[in-house]
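Comments concern the structure below.
Just so it is clear, the structure is predicted and the values come from calculations on it, not from any experiment.
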Amino acid sequence: MEYDSVSRGARAMFFMLTPNESSFEKVEDVPQYVQQATPFFVGLMTLELVVGFLKTGAPVITISDGITSLSAGMVSRLPLLLMRGCELSAYMHVWNHYRLVELPWDSAWTWWFTFLGVDFGYYWVHRFAHEVAVLWAAHQVHHSSEYYNLTTALRQSVTQPFTSWVFYLPMALAVPPSIFAVHIQLNLLYQFWIHTELIRDLGPLEWILNTPKHHRVHHGRNLYCIDKNYGGILIIWDRLFGTFAQEADQVVYGLVFPIKRFEILYVQLHYYLYLWKKSKTYKTISNKLSTFLNGPSWKPGKRRLGDHNDNPKVTGKEVPHNPSWSLPVQIYAVIHFLLVLKTYHDLFENKMAIIGCLGAISLCRHDDIAEVQLHEAPCTFTGSAYRGLCLPLSAVLGSAQHRLSAARHQEEG
């Protein structure tokens, strides 16, 4: 049984699960593929580090950039502690109220149709994230690393999921949420392993699939790389819609104007502040709105997507920002990060306890039931006390249960 679980987890990373083993009737039965992938993330990053050092004689991951990327990934998933993902929540709302037909959840045809639908939706999510400045403000987080390795894959935005859900809603008119919930995760997991320089070419697969070779182009700031190769699993969308580019000159990674910073909040939010300041330099409402709705390089008098005339020239000799840290500082940074990672892991391991804590508050306020009286106590999760992290779990649940029972008793009486 343990071997089967490991096998499914490993194959999920490369979109190698079959419809039979990844079709579910209810959303509640869908595995948390992304959360369960943590050991495979760690294993593949370690493998890349070892192989990269053997091939180049130098580490392919730096402490400063690697920790920043991993921290961005952790921050991006924190909202999931308190709510279901926006993409799935919006999808389920449309499915519950507006679906036109109901495709069978246990059909392989439904499974493959959903695969194509999610990947097609992702292409447009990704393309709009590059072509609309306020969406780019979220997505630029993923492009802010000047390195290209597996940690870069985890450098995700905390705000992008709040807008990406729109592009998947048409599928909710026919495809069951449980099948969508599988594919939205598998599509994301596939894109992890393509963030590497160690795999150069995959032959005929390059015609159909998004590969490390194609995705390196997408992360480049060379002129020929900008706004190219948006595909998630399939590269055919780029070939169809004219956004495909072959890898040619040495790719120089990162933003056109590198931020050269590692503070995680700055990495996540700095571009929103930039857009606000940029919009204030214009007098007309039209130009102010266009700052957010047109392309990132737009200026008055230019076409909607702007141009790249103001971009710094890429020579191929650029050196990634890598400040020199003393050994004690590096050790401190690593230890501090591991402690944060342990807390992050514990939080998600006890996610249901947190949701139960908040859910109980909501229940106690429903139908005019008296407010819960909370007492000062640690909120305990599986034997670990996190003071001040949330409302006392035992007090909330105990009081909620008592008052709900009393309310039901009154109704029956």
Worksheet entry | Min side-chain heavy-atom separation Asn149-Tyr253 under 4.5 Å | no
Worksheet item: Do Trp124 and Phe241 have their ring centres less than 6.0 Å from each other?
Response: yes
Worksheet entry | Residues that Glu146 engages under salt bridge (Lys or Arg N to Asp or Glu O under 4.0 Å), provided they are two or more places apart | Arg221
Practice prompt. Would you please indicate yes or no on a ring centroid separation below 6.0 angstrom for Phe40 and Phe192?
Written response: no
Practice prompt. Give, for atom OG1 of Thr211 and atom CD1 of Ile235, the distance between the pair rounded to the nearest 0.5 Å.
Written response: 7.0 Å
Fill in: Heavy-atom side-chain contact between Tyr122 and Tyr168 under 4.5 Å
yes
Worksheet item: Under the side-chain hydrogen bond (donor to acceptor under 3.5 Å, both in side chains) rule, what pairs show up with a residue in residues 19-35, not counting sequence neighbours?
Response: Arg11-Glu21, Thr18-Glu21, Ser22-Trp111, Gln35-Arg77
Worksheet item: Looking at His130 versus His218, is the centre-to-centre ring distance below 6.0 Å?
Response: yes
Practice prompt. Hey, could you give me each pair passing side-chain hydrogen bond (donor to acceptor under 3.5 Å, both in side chains) that has a residue in residues 62-75? Not counting sequence neighbours.
Written response: Asp65-Ser145, Asp65-Arg155, Ser69-Arg155
Worksheet item: When you measure from the side chain of Thr110 to the backbone N and O of Pro104, does any donor-acceptor pair fall under 3.5 Å?
Response: yes
Practice prompt. Measure the acute angle between the ring planes of Trp325 and Phe262, then classify it against the limits of 30° and 60° as parallel, tilted or perpendicular.
Written response: perpendicular
Fill in: Over all atoms of both residues, closest heavy-atom pair of Ala138 and Tyr272
CB-OH, 3.5 Å
Practice prompt. Check whether the ring centres of Tyr274 and Tyr271 lie less than 6.0 Å apart, and answer yes or no.
Written response: yes
Fill in: Heavy-atom check, side chain of Leu70 versus side chain of Met45, under 4.5 Å
yes
Fill in: Taking every non-hydrogen atom, the tightest pair across Arg261 and Glu263
NE-OE1, 2.9 Å
Fill in: Of Lys228, Arg216, Lys213, the residue whose pairing with Glu247 passes salt bridge (charged side-chain N to carboxylate O under 4.0 Å, His left out)
Arg216
Practice prompt. Please examine the side chains of Trp165 and Tyr91, heavy atoms only from C-beta on, and report whether any two atoms are closer than 4.5 Å.
Written response: no
Worksheet item: Would a 4.5 Å heavy-atom cut-off, applied to side chains only, mark Leu173 and Val101 as touching?
Response: no
Worksheet, complete the sentence: For Ile184 and Ala181 the tightest heavy-atom approach is CG2-O, 3.5 Å
Worksheet item: Looking only at heavy atoms, which two atoms of Ala153 and His195 are closest? And how far apart?
Response: CB-ND1, 3.4 Å
Discussion item. Whether the side chain of Tyr148 engages the backbone of Val251 through a donor-acceptor N/O pair (distance < 3.5 Å, no angle test) should be reported.
Written reply: no
Worksheet item: Between the side chain of Asn229 and the main-chain N/O of Ala245, is any donor-acceptor distance below 3.5 Å?
Response: yes
Discussion item. Using every non-hydrogen atom in the two residues, find where Ile199 and Leu202 come nearest and quote the distance to one decimal.
Written reply: CG2-CD2, 3.8 Å
Worksheet item: In terms of ring plane angle, is the pair His139 and His126 parallel, tilted or perpendicular, where the classes change at 30° and 60°?
Response: perpendicular
Worksheet item: Is it true that a side-chain atom of Asn222 and a backbone atom of Gln250 form a donor plus acceptor pair closer than 3.5 Å?
Response: yes
Worksheet item: Between Asn187 and Asp119, is any side-chain donor less than 3.5 angstrom from a side-chain acceptor?
Response: yes
Discussion item. So Phe15 and Leu189, do their side chains get closer than 4.5 Å, heavy atoms only?
Written reply: no
Worksheet item: Once the angle between the rings of Tyr123 and Tyr230 is folded into 0 to 90°, is it parallel (under 30°), tilted (30 to 60°) or perpendicular (over 60°)?
Response: perpendicular
